[in-house]
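Shown next, in structure tokens, is the structure this report addresses.
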Number of protein chains: 2
Amino acid sequence: MLMQMPLPISLGLRPVSQISRNTRRPATVAHDLKEQMDLMGAPMAFFRNAEIYGEGESADYIYKIVSGSVRTYKMFDDGRRQIGAFYFPGDIFGLELGDDHQFSAEAIDKCVILVIKRSALVALADRDGDTARRLWSFTAGELSRVQKHMLLLTKSAEDRVACFLLEMAERRASGEVVELPMSRQDIADYLDLTIETVSRTLTHLATKATIALPTSRRIVLRNRTALDRLDA
Amino acid sequence: MLMQMPLPISLGLRPVSQISRNTRRPATVAHDLKEQMDLMGAPMAFFRNAEIYGEGESADYIYKIVSGSVRTYKMFDDGRRQIGAFYFPGDIFGLELGDDHQFSAEAIDKCVILVIKRSALVALADRDGDTARRLWSFTAGELSRVQKHMLLLTKSAEDRVACFLLEMAERRASGEVVELPMSRQDIADYLDLTIETVSRTLTHLATKATIALPTSRRIVLRNRTALDRLDA
DNA sequence: CGACCATTTGATATGGATCAAGCGATGTGG
DNA sequence: CCACATCGCTTGATCCATATCAAATGGTCG
């Protein structure tokens, strides 16, 4: 839900006016959905742990991260939380074909996010084949991401953690040093493991000198070959 | 690979000519991708266990099942097989946005399948917004299916089997009696369990009178409420 | 009828969960 | 500026769900 926040802690929303609106509209034509969002989106800020939208709410907006990180997740009756995805600067999320969101979304840390109305894009897609294809493209990308995630859940704990580290290294692209914005609990809920197992596995990889852990949120890949082997 | 089969057992392909080709072209306009495939598709027959396409092969065709059942799967280096989906009469599969297939596809039993060239549909989508939207729609449907599957893999063995039975009951819609075309191994590889665990869980559900097992491939849902509870 | 394959059932092993405690960094109030 | 509370993470001990290994049963087809 975009326009009101139920809990004080969720009051992460600052009025758009506080942020310099993206007024400059370059003569450039958008070549993909991301560029298109740069042109059309309104920036909003969210505090750490702020809810961006909730599962089941109507999916009226599409989001693109300018800065910060986001998690999407689903809660189960038994209290378990499954994280569906992490999103980072440049990533788009929240676009659904159906009427409402299948997952909830929260800011992992302080975020600035471009927001545009879905109806605007969908209406445009009716007239513009390029836009239509971009919407398809985005959904196909999500499909392939979820397929990978599904396959991840069939692997051993060590394999899952290794895949996770490689994915982060690739997406956050900062050489061998990976800065993790999310907690061990977030990682555990993404990999469907417990925090204890995640922690033990990281310790174990560090013992084998496959990685180094200068701090708990900073991970150095010291032996990518070994990690790739676990990836398979 | 569509035009040649490497193994004798895979020689499931009969020339189209042996099957009455869908010559009748009704004046009706297609309202969705399935109807469109009925109009455009050429029927082909596959024997039990015949390969329809292999992972990594170029995704030149799209498929719609007339009769029979299909599994898609991925093999891992360690010999594990993960089944990605089961498809039944009326279902479309094999449509990719990218150049090649992410999974392999095999006939579970004797199948008749309509086949059309992807390029034909994609070219049409460039001109026809309805077709474009149908392609997006299909991919979005696959996305939501895979998301459900991913969440399934985070549940207990009993929950997975219960969800599986409910899914089959819904999709094959024959009242309380579910006729399963696939083996226990197929089910196990879909749910990421062993055949032993699948078998034991079914036996256990039968003991609790939640289901009945008149034969190993025929399952009667005797207490859907109990299954729904496990579904969550 | 007999061979073969799919399925079930039984005995044991194990990877990861759970329960519990300790540790280190960060922040807060005195 | 330090004492202490808090929170996130790690480490240790034990348990349990499901895998693994092994054998029996049943169904199908020549």
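Values below: every heavy atom of this structure, side chains too, minus hydrogens, waters and symmetry copies. A note on names: the letters A, B, ... follow the listed sequences, proteins ahead of strands, and every chain is numbered from 1.
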Point to revise | Side-chain N,O (A:Ser156) to OP1/OP2 (C:dG15) below 4.0 Å | key: no
Check your understanding: Should B:Thr203 be listed as having a side-chain N or O under 4.0 Å from OP1 or OP2 of C:dT8?
Key -> no
Point to revise | Qualifying residue, where the test is salt bridge (charged side-chain N to carboxylate O under 4.0 Å, His left out) with B:Glu176 and the options are B:Arg224, B:Arg218, B:Arg222 | key: B:Arg224
Check your understanding: Below 6.0 angstrom between ring centroids: does that apply to B:Tyr53 and B:Tyr63?
Key -> yes
Review point. Do you know which two heavy atoms are closest between B:Ser58 and B:His101, and how far apart they sit?
Key: O-CD2, 3.9 Å
Closest to side chain of [X], choosing from [options]:
X: B:Arg217; options: C:dA6, D:dC9, C:dT8; answer: C:dA6
X: B:Ser199; options: C:dG16, D:dC9, C:dT7; answer: C:dT7
X: B:Ala157; options: C:dT7, D:dT18, C:dT8; answer: D:dT18

Quickly work out the [X] [atom1] to [N] [atom2] distance and round it to whole Å.
X: B:Ile187; N: C:dT8; atom1: CD1; atom2: P; answer: 9 Å
X: A:Ile219; N: D:dT10; atom1: CD1; atom2: C1'; answer: 14 Å
X: A:Lys155; N: D:dA19; atom1: NZ; atom2: P; answer: 17 Å
X: B:Leu193; N: C:dG16; atom1: CG; atom2: P; answer: 15 Å
X: B:Leu180; N: C:dA6; atom1: CG; atom2: C1'; answer: 14 Å
X: B:Leu191; N: D:dT18; atom1: CG; atom2: C1'; answer: 13 Å
X: A:Ile211; N: D:dT10; atom1: CD1; atom2: C1'; answer: 13 Å
X: B:His204; N: D:dT18; atom1: NE2; atom2: P; answer: 12 Å

Review point. CE/B:Met37 to CD1/B:Ile92 distance, rounded to the nearest 0.5 angstrom?
Key: 5.5 Å
Practice item. Supply the atom-to-atom distance A:Leu165 CG to A:Ile187 CD1, rounded to the nearest 0.5 angstrom. Key: 7.5 Å
Please list, for nucleotides 22-30 of chain D, all pairs of protein and nucleotide N/O atoms separated by less than 3.5 Å.
none

Exercise for review: List in chain and number order the residues that pass side-chain contact (heavy atoms from CB on, under 4.5 Å) with A:Glu106, two or more places apart in sequence or in another chain; answer none if no residue qualifies.
Suggested key: A:Arg71, A:Tyr73
Measure from the side-chain N and O atoms of [X] to the backbone N and O of [Y], and report whether any donor-acceptor pair falls under 3.5 Å.
X: A:Gln82; Y: A:Tyr190; answer: yes
X: A:Ser104; Y: A:Glu55; answer: yes
X: B:Asp109; Y: B:Ser69; answer: yes

Revision key, fill the gap. Per nearest nucleotide of DNA chain D, the residue lying toward the 5' end, A:Ile195 or B:Arg160, is A:Ile195
Practice item. In plain terms, say whether B:Arg171 and B:Glu167 are close enough for a salt bridge, that is, a side-chain N and a carboxylate O under 4.0 Å apart. Key: yes
Check your understanding: What does the inter-axis angle of the helix from C:dC1-D:dG30 to C:dG30-D:dC1 come out as, five pairs per end, nearest 10 degrees?
Key -> 30°
Check your understanding: Hey, does A:Thr194 reach any base, or is it just sugar-phosphate, or nothing, if we go heavy atoms under 4.0 Å?
Key -> base
Check your understanding: Is A:Thr215 touching bases, backbone alone, or none of the nucleic acid, heavy atoms closer than 4.0 Å?
Key -> nothing
